[in-house]
**Student:** 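I am attaching a structure below and will ask some questions about it afterwards.
Please read all numbers here as calculations on a predicted model, not as lab measurements. Each chain gets a letter, A, B and so on, in the order its sequence line appears, and its residues count up from 1.
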Protein chains: 2
Amino acid sequence: MARNRRPQPKAEKRAELVAVARELFLEEGYEATSVSRVAKGASVAPNTVYWYFEDKDALFIAVLDELFAEDLAAYAEVAGASLAEQAFWLVGRLRRVRGLVATVHARVRVSPAIAAWHDRLHATIDAVIAHQLPGPVDPGVLAVESTIASFTVEGLITHDVPDDEARPVCDALAARLLSLARPG
Amino acid sequence: MARNRRPQPKAEKRAELVAVARELFLEEGYEATSVSRVAKGASVAPNTVYWYFEDKDALFIAVLDELFAEDLAAYAEVAGASLAEQAFWLVGRLRRVRGLVATVHARVRVSPAIAAWHDRLHATIDAVIAHQLPGPVDPGVLAVESTIASFTVEGLITHDVPDDEARPVCDALAARLLSLARPG
DNA sequence: ACCTGAACACCGTTCAAGT
DNA sequence: ACCTGAACACCGTTCAAGT
C-alpha cells in the first residue's frame, strides 16, 4: 500500500475542498479568496487543488452547483404557497448567496463555463415560473413577464433590499403574473 | 525650469490616464486590466498612477463618472419621448457599459467608494423616473414600481438581452408605470 | 492515483529617491 | 509638483518529481 494513500475514500477530499471553498466564497467573496487559502483549509498544498479542479472557476461552479441543489430542494417546501409568498421566500433564501450572484455576472464574460452555468440557471427559473401559472398563457407575454419577475428578484438580492421593502415588490410581481392567467 | 516638467498643463495627464483606463476597462474588463497596462498606455511608470489616484477603484470611479456624465447629457435628446422609448433607448445606450455594471455590483461589497457611487446612481435613476410620471403618485406605489423598472432595465443590460426581446419588456414596464398616474 | 516543492509570470501597492 | 526604480507580499497556474 502506497505511503501517501490517505485514510479517506476516493472523492472525499474533493468534497472537503468544495466545503472549504463554499464557506470562504460566501464569507469573504470569490476574488478575495485565494486558491492557496482553500488548499490550506483542506490541509493540502496549493497546487493539489488543480488535481481535482481544472481551475478556480471550476471550483466555483462546484460550489454553485451545491448551493443551487440545496435551494431547489428547499423550494419544495413553499411550492404550494402563493406566488407572492414564493417570490418573497426566494429573495430571503438567496440573500446568503448575494455576493456570488454579482460574481457570476462579472465572470460570465470571461469564463465560458460560468456562462453555461448561468444560462442553465435562468432556463430553470423561467420553467419554474411558467409551471406555477394557472392555465395557459400567451408565450410572448409570458416571456416578457417572466423576464421582469426574474430580473427584479435578482435585483432585490444583489442590492440587498430589506424585507419590508422587498415584500410589496414581490406582491406586485405576483399580482402581475397572476393577472395574465385570467381572461381580460 | 525643472527638467521633468512636461509640456502638458496640470491636470491633463490625469485625463489621459482616465481615457486609457476607460477604453481598457470597456474593452477588456476591469479585473483583466492591470494598473501597469493603464500606465503603459499613458506612457508613465506603473506607480505614477498612484500619484493621481488613491487606488485602482478610484481610477474606476473616475471612469464611471465620465461615462455617466455622457449618458446623462445624451439623455436630454430623448427626455421628451414616451416612457417606453426612453427605457429602450437606455438599454441600448448602456449596453456598451455592460461589463462594468456587473463589476460595480461585485465591488460594492468590497469598496466603500464604489458603494457610495452606486447609491448615488440609483437615487438619480429613481428621481428621473418619478419626474417622468404625469401627475402625483402614491409614494409607496411609486417606490415599488420604480424598483421593478430599474432592476429590470439593469437585468436587460447585464444579461445582454437582444433588442427584439428587450423592446416588449420596455413597453410593458412603461405601460405599468403610466397606469399608476391614472385614477383607478 | 494522489500529492508536493519549486518555479513562472504576473498582481496592486508602497517608499525612498530623483528632478 | 510630478515621476521613477526597486521592492513587498501576494496571485493563479504549471511541471517535474515523489510515493
**Student:** Can the ring centroids of B/Y30 and B/F25 be said to lie less than 6.0 angstrom from one another?
**Tutor:**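 Yes, ring centres under 6.0 Å apart.
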**Student:** With the threshold set at 4.0 Å, does a side-chain nitrogen-carboxylate oxygen contact exist between A/R109 and B/D160?
**Tutor:**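 Salt bridge: no.
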**Student:** May I ask you to test the A/T147-B/L156 pair for a side-chain heavy-atom distance under 4.5 Å?
**Tutor:**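 Yes, side chains in contact.
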**Student:** Walk me through whether A/F68 and A/W117 qualify under side chain to side chain contact (heavy atoms under 4.5 Å, CB included).
**Tutor:** CA-CA 11 Å; A/F68 184 58; A/W117 188 89; 4.2 Å; yes
**Student:** Please give, in whole Å, the distance from C/dA1 P to A/R14 CZ?
**Tutor:**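 Going from CZ in A/R14 over to P in C/dA1 covers 17 Å.
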**Student:** Do the charged groups of B/E85 and B/R167 touch, with an N to O distance under 4.0 Å?
**Tutor:**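 B/R167 and B/E85: salt-bridged.
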**Student:** Between atom CH2 in B/W51 and atom C1' in D/dC2, what is the gap in whole Å?
**Tutor:**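 In whole Å, D/dC2 C1' and B/W51 CH2 are 6 Å from each other.
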**Student:** Within the 4.5 Å heavy-atom criterion, are A/V153 and A/L90 side-chain neighbours or not?
**Tutor:**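 Counting from C-beta outward, A/V153 and A/L90 do come under 4.5 Å.
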**Student:** Could you please name the option among C/dT4, C/dC3, D/dC2 that lies closest to any side-chain atom of A/A45?
**Tutor:**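 In terms of side-chain proximity for A/A45, the closest of C/dT4, C/dC3, D/dC2 is C/dT4.
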**Student:** Can you check whether A/L83 reaches A/L133 side chain to side chain, under 4.5 Å on heavy atoms?
**Tutor:**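 The answer is yes; the side chains approach within 4.5 Å.
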**Student:** Could you list all N or O pairs between the protein and nucleotides 7-14 of chain D that sit under 3.5 Å apart?
**Tutor:**
from: D/dC11; atom 1: OP1; to: A/S34; atom 2: OG; distance (Å): 3.2
from: D/dG12; atom 1: OP1; to: A/K56; atom 2: NZ; distance (Å): 3.0
from: D/dG12; atom 1: OP2; to: A/V35; atom 2: N; distance (Å): 3.0
from: D/dT13; atom 1: OP2; to: A/Y50; atom 2: OH; distance (Å): 2.7
from: D/dT13; atom 1: OP2; to: A/K56; atom 2: N; distance (Å): 2.9
from: D/dT13; atom 1: O5'; to: A/Y50; atom 2: OH; distance (Å): 3.4

**Student:** Both atom distances under 3.5 Å, Watson-Crick or G-U wobble: I'd like the secondary structure of DNA chain C as a dot-bracket string, with | for pairs made across strands.
**Tutor:** ||.|||||...|||||.||
**Student:** I want to check something: taking the side chain as every heavy atom from C-beta on, are A/Y75 and A/R93 in contact at a cut-off of under 4.5 Å?
**Tutor:**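 No, side chains not in contact.
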